[in-house]
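Worksheet: one structure, shown below.
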Amino acid sequence: MNNFEEYCTKFVQAVGSKDGAVSPAIVSSASFSYSTPEMAEGIFSGSVKKPLYARMGNPTNARLESIMAEMDAGVAAIATSSGMGAITLAVMSIVSMGDEIISIGGLFGGTYAFFSETLPRFGVKSHFFDVDDLALIEDTINENTKIIFLESVGNPNMKLPDIKKIAAIADKHGVLLIIDNTTTPLSISTIKLGADISVYSTTKIISGNSSALGGCAVFRAINDGEDKLKSPRYEFLQKFIKGAKEMALIANAKKRALRDFGMTANAHASYQTLLGLETLPLRLSRVSRSIEIVTADLSKNGLDINHPSLSSHEHHQRYLSDFKNGCGSLFCIDFKTKEKAFEFLNKTKLATLTANIGDSRTLALHMASTIYKDFDEATREFLGISDGLIRVSMGLENPEDIIKDFIQASR
Ligand SMILES: *Cc1c(COP(=O)(O)O)cnc(C)c1O
């Protein structure tokens, strides 16, 4: 039984309630009252589990957080205002001036800009590597390395990492591993594979219909006995490990990031995200099947398709062995020139042109003139952004309709 089947049961059961309102309640209050001063004291000390103030969370977010944590085999989760909010929360709760990040794989544009432009302003340096640069990655780890950051699927380069090998390197050197699993929720279990924190943009396939911006960070439990995070490299974490024990990573993230930066999700967005989450397994399993049909057919019709399900892809074997539930909704078409790519986008009748991914509808976008327009040529080459590259996010349409439309648009 794959994750999709298991979660078909879990999600619908967890989102709906069997007592009272079936649909989750939207608790949009910004503040929460405490019935007695003793209760206020207890809430602030953490001994009473009730909402403190909405920046630190609310009951609708909590519902989403507990389901996301269970989905990912984490101990707890924090819902955030966006995917970048989740990445910022995870990263800023760990790094200080002088620290270094090792970033692996073709990165989402926002994350790349955060690491290459914003973090250096605060004295945090990032090193960027291709997914298979394992020896170089090991050589670069030093005592200042605090995070190895990895995307489960290169977006848009479509490279697949060997997550087990990268997690083994992180463990061997005692470095924390963050995986951005936005493209492949349920398809791969990042924390089981060795991630310490997994981050999501729930805006994408988790909400699934462009109705809500959101994100989520899921944290693993700190082990009772030995744990790589109980080392001097993570000195700042030790007091949280003493106090919050297995919940140390989340306690640290709440104090060091959520409280001070305020990237909290709002209840309305969390509600909409819960509605999406409920049908995620159904949608993802359909998209994973459709994308294999569409990429195989378009490729046979002479289009230059980048997707790991094709035997010509450099990570096809990894796709078969490590990504048995597919690798999400993305594939790319290289039209070689911007003119040809624009012609295709002007002729397609089904694709919606937008910067989003993971929607019910099939989406498409020319990469070099939009998301990556501010990047220099060397960076674009590293990220795999060629002049005629179009990124497609497969939707829920009949795959045959997409094939027909894309073939007429490319002629
Ligand atoms: C979209 C995306 C993000 C950022 O998420 P937002 O919700 O837009 O802030 C981060 N990582 C990946 C892989 C994404 O696709």
Side-chain angles (χ1 to χ4, degrees), residues 61 64 68 72 77-92 101 103-119 126 128 131 147 149-161 163 178-188 190 195 197-218 257-258 261-266 268-270 272-273 276-277 280 284 287 323 326-332 352 354-359 363-365 367 370-372 383-385 389 391-395:
N61 292 1
L64 174 64
M68 290 291 294
D72 243 5
I78 299 177
T80 54
S81 53
S82 68
M84 281 316 299
I87 291 167
T88 309
L89 170 112
V91 170
M92 295 308 264
I101 296 174
S103 170
I104 306 174
L107 277 189
F108 171 71
T111 311
Y112 185 78
F114 177 43
F115 286 178
S116 66
E117 293 171 30
T118 302
L119 281 177
S126 296
F128 298 93
V131 279
I147 293 173
F149 189 95
L150 173 69
E151 272 179 18
S152 59
V153 178
N155 167 8
N157 73 19
M158 298 311 301
K159 291 187 182 182
L160 301 180
I163 298 178
I178 299 178
I179 300 183
D180 182 338
N181 199 27
T182 298
T183 328
T184 39
L186 301 183
S187 307
I188 54 167
T190 41
I197 306 175
S198 47
V199 290
Y200 292 90
S201 166
T202 58
T203 316
K204 313 295 168 55
I205 200 157
I206 292 181
S207 282
N209 54 19
S210 215
S211 64
L213 187 73
C216 195
V218 183
L258 191 70
F261 294 102
M263 62 283 275
T264 322
N266 73 72
H268 288 269
S270 292
Q272 283 163 308
T273 306
L277 193 60
L280 173 67
L284 200 55
V287 161
F323 290 78
C327 61
S329 69
L330 298 181
F331 70 91
C332 286
T352 301
T354 173
N356 194 18
I357 59 171
D359 198 276
L363 315 175
L365 193 66
M367 292 284 99
T370 59
I371 297 174
Y372 296 93
L383 296 172
I385 315 298
L389 191 75
R391 182 184 70 192
V392 178
S393 172
M394 184 71 213

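Order of listing sets the numbers, starting from 1, for every ligand and every atom in it.
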Side chain to side chain contact (heavy atoms under 4.5 Å, CB included) evaluation trace for L119 with V91: CA-CA 10 Å; L119 281 177; V91 170; 3.9 Å; yes
Donor-acceptor contact present, side-chain T80 to main-chain G215, <3.5 Å: yes
Atoms in ligand 1 with a heavy atom of N155 nearer than 4.0 Å: 15 (O)
Sub-3.5 Å N/O-N/O distance, M84 and ligand 1: yes
Protein heavy atom at shortest distance from atom 6 (P) of ligand 1: G83 N, 3.3 Å
Aromatic plane relationship, F128 with Y112 - under 30° parallel, 30 to 60° tilted, over 60° perpendicular: tilted
Atom indices of ligand 1 within 4.0 angstrom of I87 heavy atoms, with elements: 10 (C)
Element-labelled atoms of ligand 1 that are located less than 4.0 Å from some non-hydrogen atom of G214: 7 (O)
Geometric N/O contact G85 with ligand 1, under 3.5 angstrom: no
Interatomic distance, T203 atom OG1 to N356 atom CG [nearest 0.5 angstrom]: 7.0 Å
Donor-acceptor side-chain pairing of T184 and S152 below 3.5 angstrom: yes
Exercise: do S198 and D72 side chains pair donor with acceptor under 3.5 Å: yes
Closest approach of any protein heavy atom to atom 3 (C) of ligand 1, naming residue and atom: F108 CE2, 3.4 Å
Distance-only N or O hit between ligand 1 and K204, under 3.5 Å: yes
Distance-only N or O hit between ligand 1 and T111, under 3.5 Å: no
For atom 11 (N) of ligand 1, closest protein heavy-atom neighbour: D180 OD2, 2.7 Å
Under-4.0 Å heavy-atom contact with ligand 1, by part of I357 that carries it: side chain
Identified side chain to side chain contact (heavy atoms under 4.5 Å, CB included) partner of C216 from the options N61, L89, T202, L277: T202
Worked verdict on E151 versus T183 for side chain to side chain contact (heavy atoms under 4.5 Å, CB included): CA-CA 9 Å; E151 272 179 18; T183 328; 6.0 Å; no
Enumerated ligand 1 atoms positioned under 4.0 Å from heavy atoms of T203: 7 (O)
Atoms in ligand 1 flagged as close to T182, the criterion being non-hydrogen separation under 4.0 Å: 11 (N), 12 (C), 13 (C), 14 (C), 15 (O)
Worked check of side chain to side chain contact (heavy atoms under 4.5 Å, CB included) between K159 and V153: CA-CA 6 Å; K159 291 187 182 182; V153 178; over 6 Å; no
Part of T202 with heavy atoms under 4.0 Å of ligand 1, whether side chain, backbone, both or neither: neither
